[in-house]
K.L.:
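Starting off with a structure, shown below.
Every chain is numbered from 1, with letters handed out A, B, ... down the list of sequences.
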Amino acid sequence: MGTEVAPPGRSIEVALENTTTSVNKDAESYEMPWVEKYRPMVLDDVVGNAETVERLKVIAEDGNMPHIIISGMPGIGKTTSIHCLAHALLGDAYKEGVLELNASDERGIDVVRNKIKSFAQRKVTLPAGRHKIIILDEADSMTTGAQQALRRTMEIYSNTTRFALACNMSNKIIEPIQSRCALLRYAKLRDTEVLKRLLEVCKAEDVPYSDEGISALIFTSEGDMRQAINNLQSTYSGFNFISPDNVFKVCDQPHPVVVQKMMKECQAQKVDDALDGLRDLWDQGYSAVDIVVTIFRVVKTMDALPEYLKLEFIREIGWTHMRILEGVGTLVQLGGLIARLCRISIDPKLLAL
Amino acid sequence: MDEREGSQPSSMWADRYAPTTIADLAPSKTRISQVKSWLEEALYGRPAGLDVGVNFSKQAAERVRKYRRILLLTGPAGVGKSTSVRAIAGEMGVEVIEWNEGFEDWGFRGDVERESLTSKLITFLSRNSYSSLPIAGIEDSRPSMSSQTPATGSTTYPRLLLITSLPNLSHYPTRQAFHGALLDFTRDYSSNSSPLVVVIPDVGHSGAAEEPWSARGGADSSSDGAWDLKSVVGEAVLASPAVTTIDFLSMAPTFITKALKRVLGLAIPIASDRPSNDVVQLIAQTSNGDLRSAVNSLEMLMKTSSAALTSAVSGKTALPKKGKGSRGGGKGKVSGSKEMQILLNQIARREQSLGLFHALGKVLYNKRIGETSEDGDDDGLARAKEAEYLATNPLPNHLRRHSRPRYENDFEELLSTAPVDTATFMLWIHQNMPQFCADIDELDECLEAICDADRMKTDDDLWQRSSQAIAYAFHVAVRGVVAGLPAPVPKNHQKMFKPDFFRWIKSGKLNQATLADITRWLARAGESAQPRDSLDGMWEPADNQEDVSTNTYRGQRSNAVLATEFLPMIRLLKRRGHGKSTGTARLVAPPNMKR
């Protein structure tokens, strides 16, 4: 059951160009999420993880894709890279040559046995030396049983079909499958990488922005490109201008500047001032989780906080966050946090009875 | 329709260059010869070590063969279990009939009367266990390739059944049926039957996941799809004298190196195009004992970077350098060029030992801004700047003793580039941190942080799953350790060790299983009036498996009582000579216990 061999000579570059132009044309016609509209279509456009993407490019050129697992946090381009790779490899044959299943599709043992197998057995005309590709998105949500069933399938059909798995945590993939795959780890995107892409999108969509607005987007997205671009689009359609205030309104997060002021007051042991700030945030209707998450983010990046204090702060914030998630999301807990943060800087002797 | 032709240029190296002769097999020679002699005994009844020429009676052969019905091959993924069987069988001229989850009849007979996979497997076992051949003798000279494909026309080859893909064992009825089929297989014996080899990979906890440690090594492992041997094949089968288990170990780097070199020799005809020895050794060391993944890595490496590798000195990798490797803690014994290490870091899989050691080194050596580096670069400017920073952002007086230059690396970046998950990373830090501490207070501080981090990763699912919990735990643990450790750390030739945790989990599981066995044994022993007499018959194939849970040994005993009070007592009594001394002591333990 070999794959039919197509006449050789179609170069990847041609295939690549075709795909980019066609999709972008589609995008023009109606308003679609920018995440989709500006989803990279070629590996060259994938942002971040340069070394790993470089690797994928070589695979795309070579044509013989091994089974791969790409793991990493959400929104850093795992699925996008796999799609780009598949497009680069298969070109026009993408539709016939790729089976994609993600967590929303059923992926029990039956599907692995039937759908995946019948796809693997199907004859498809592909460019020479290319393989059908089965993309399993969010593979870590597959049950162990289904993964077990996959194991043998991967082996039997590896001559005609290759697997590309994307997952958040590679260790949720059972060992026998990891053993059959090349594992690529995607790191979180750097701020500069997110920045670059955001500016590109802004330029393409003619979005007016201020620099602070963009950095607010980066702050709120925490290295998640998808979120960054979604927030950009929401802010733009809501306010037509990217400024920090608009961004935080759209993301509905406490303004980090306010939170940072609070933390500085904690560091300076000004309990009352810090509590006032907290009360303001609370009265604006932010939930305890919102506030504590922002506090954590702010503290992590606060340069004026000496390292040791940072550790102690994070420790306390962690405890409070835990309590809040356990159900006590009250102002009292947050107030307690503020008080404890202030106490860290106070000489214990002064507090002794 | 055999898809494993193995010679197509488009297949992966791991398939294409799989060894087909015994001499080429990578696992240790003892394992290979164990498998081989088992096969010889199972097929020809010829005891191991007997010369081919020696005559021995047919009856004797039958008697041997009767007890060589099923061979269970266990071991981690990618150590060559299936490959070994295929190659050995091939060389012995045995026809291998492999069970393939029924895909061969797929869509064959239409839709109406499709058998369930389970019944197909059972039919497979019973149908194929008989072959019409008379055992002709040993034909070592038969070419190995021919046996892989079903022999056309002639059926005179001895046959071997091979199951590498197990049915869905988490489905209880399926599991029962599978166990039953195997058990029947051990019992039905005629001189024409073929033996069966079942390959059972360790699904394994890869030090697994961001999940509670208790669940990871939990007592109730069978619910999670992490199968121990007993739940895979069934207790009765395991206890049967006709079943043998051979456990493959994960491979030592030297073995992998050798195997990789063989593959390279086949894959790249021109010696000068091959990567240097260092590269091969690096791959072997990072592969974690998994040969298949080592071969995959090698293929990937060769494909993606042939230019960078063949001349290990060439600096013109297109890739930007990353991390600049500030003399990471884990300098391997193998010194590859930096580019190679970076390349390897990206492709080597799983634990990614190099990346891991690098990250560990970053934490444990906790290099500070402006600190004099090992090579003697004294960055006075950075130091001055840092002093200035410290002066403008002072710690409160009572915390002044914690004041020190800031950590050189970015914690966030460390978190996102750590090669293993946070829990595992914490284990590694925990294991290796003490040797970097100079006094007990430092140790105390580090441990405090790790404890806190551990508590932040509670077993509560809601919290546990959130990436925030992981972030907190990571920050607290790493920042805490960095703050606690002396800076600079004293250099005592520290070596990194693998956390003992994994070993304890393993032995804990083993003990749990043993305890369960003993509970059952006691239950049965308690049933018969004279426990002492029943001892001897105890380990016959357990036909009389009752529902254990209803029988208890003279009243209820919890596992804890059993483990802490009862068993030590039995042991003590035995040792006092109350009974057949050591011999009886061993009887308490089931035969499959590895002690």
Side-chain angles (χ1 to χ4, degrees), chain A residues 1 50-52 54-55 58-59 62 64 66 73 109 113 117-118 121 129 131 143-145 148-149 151-152 156-159 169 171-172 174-176 178-185 187-188 223 293 296 300 304-311 314-315 318 321-322 325-326 345-349, chain B residues 1 3 8 10-12 15 76-78 100-101 103 106 164-166 168 170 201-204 206 208-210 225 290 292-293 296-297 299-300 303-304 318-320 322 346-347 349-350 393 395-399 402 406-407 412 416-417 419 421 452 456 462-463 468 472 475-476 479-480 483:
Chain A
M1 160 158 320
E51 301 93 340
T52 322
E54 201 65 39
R55 211 125 293 270
V58 183
I59 293 176
D62 179 84
N64 190 359
M73 309 291 280
I109 297 182
R113 286 230 175 91
K117 265 187 196 161
S118 64
Q121 288 169 349
H131 306 86
T143 60
T144 316
Q148 281 283 21
R151 182 175 72 86
R152 190 82 185 105
I156 296 173
Y157 301 106
S158 71
N159 273 353
M169 285 173 212
N171 40 29
K172 291 260 167 78
I174 59 170
E175 293 269 317
Q178 285 194 36
S179 160
R180 287 167 174 77
C181 297
L183 188 95
L184 302 167
R185 226 174 265 272
K188 215 152 117 180
V293 164
F296 181 43
K300 267 194 302 193
L305 205 58
E307 211 166 68
Y308 186 80
L309 281 184
K310 227 181 231 182
L311 165 66
I314 288 175
R315 208 190 294 242
H321 199 152
M322 248 173 95
L325 283 193
E326 273 162 18
S345 303
I346 299 175
D347 191 339
K349 276 189 213 120
Chain B
M1 241 206 291
E3 298 236 4
Q8 288 184 23
S10 59
S11 58
M12 290 164 62
D15 294 331
N100 273 330
E101 290 220 331
F103 81 91
W106 213 82
T164 51
S165 75
L166 299 170
N168 176 18
S170 46
D202 291 349
V203 176
S206 48
E210 304 283 353
D290 182 339
R292 176 174 22 225
S293 94
N296 284 345
S297 303
E299 182 182 6
M300 185 94 163
K303 225 178 257 169
T304 55
L319 316 175
K322 185 175 125 195
Q346 288 154 25
I347 53 164
R349 72 191 193 95
R350 295 201 292 192
N393 301 290
L395 277 169
N397 274 330
H398 65 288
L399 297 174
H402 294 291
R406 276 173 302 170
Y407 183 52
E412 276 295 299
S416 63
T417 54
D421 59 293
D452 281 345
M456 285 185 183
L462 185 83
W463 171 245
Q468 279 145 354
Y472 281 123
H475 272 278
V476 170
R479 280 174 188 275

K.L.:
Please check this pair: side chain of A/E307 against backbone of B/A483, looking for a donor-acceptor N/O pair closer than 3.5 Å.
P.N.:
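Such a contact is absent between A/E307 side chain and B/A483 backbone.
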K.L.:
What are the two closest heavy atoms between B/V476 and A/L311, and how far apart are they?
P.N.:
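Closest approach of B/V476 to A/L311: O-CD1, 3.7 Å.
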K.L.:
With sequence neighbours left out, what residues match A/Y308 under ring-ring contact (aromatic ring centres under 6.0 Å, His included)?
P.N.:
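B/H402.
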K.L.:
Evaluate the criterion side chain to side chain contact (heavy atoms under 4.5 Å, CB included) for residue pair A/M322 and B/Y472; output intermediate values, then yes/no.
P.N.:
CA-CA 10 Å; A/M322 248 173 95; B/Y472 281 123; over 6 Å; no
K.L.:
From A/R315 CZ over to B/R479 CZ, what is the distance, rounded to the nearest 0.5 angstrom?
P.N.:
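One finds 11.5 Å between CZ of A/R315 and CZ of B/R479.
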K.L.:
Can you tell me how far CG of B/L399 sits from CD1 of A/I346, rounded to the nearest 0.5 angstrom?
P.N.:
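The distance works out to 11.0 Å.
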K.L.:
Looking at every heavy atom in both A/P348 and B/H398, which two are closest together, and how far apart are they?
P.N.:
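Looking at all heavy atoms of both residues, the closest pair is CD-CD2, 3.2 Å.
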K.L.:
Taking all non-hydrogen atoms of both residues, which atom of B/G78 and which atom of A/S179 are closest, and how far apart?
P.N.:
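For B/G78 versus A/S179, the nearest heavy atoms are CA-OG, 3.8 Å.
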